[in-house]
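Here's the structure we're looking at; comments come further down.
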Amino acid sequence: MGDEKDERKRSHLRLVVNNVEKRAPRPAEGGEDFIALEELVAQRDMLRGNFYRDMDPWQAKAYAAIERFLGARQWPYGLDPHHGRLLVLPALVVS
């Protein structure tokens, strides 16, 4: 996913393993920096402005609907504007 430059081709939903013992301590060579889910969830409100900045209105509306859905179910999720516009969810919640 790191080689894809065109944002239209990137996945906009990322599932992460939330087990500390299963995480690699550092990203693989040339890989993306790892941001812990806990950090993304804790900083979600602070990152929201950057996440929605310069977004088309239809796209912002879709992301806002997804955020309402996740919030209503009290599922933990994070917003990651640094690696593309990604909603980060723990895989355990989805499965």
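Remark: E67 CD to Y52 OH distance equals 3.5 Å, nearest 0.5 Å. For the atom pair N50 CG and M55 CE, the distance stands at 11.0 Å (nearest 0.5 Å). Rounded to the nearest 0.5 angstrom, W75 CH2 and L92 CG are separated by 11.0 Å.
Across R85 and F51, no two heavy atoms sit closer than the pair NE-O, 2.8 Å. Taking both residues in full, the closest heavy atoms of L37 and G78 are given as CD1-N, 4.4 Å, listed atom of the first, atom of the second, then distance. P90 and P76 get closest at one heavy-atom pair: CD-O, 3.2 Å.
The side-chain heavy atoms of E39 and L47, taken from C-beta on, include no pair separated by under 4.5 Å. Put simply, the side chain of L79 does not reach to within 4.5 Å of the side chain of L40, judged on heavy atoms.
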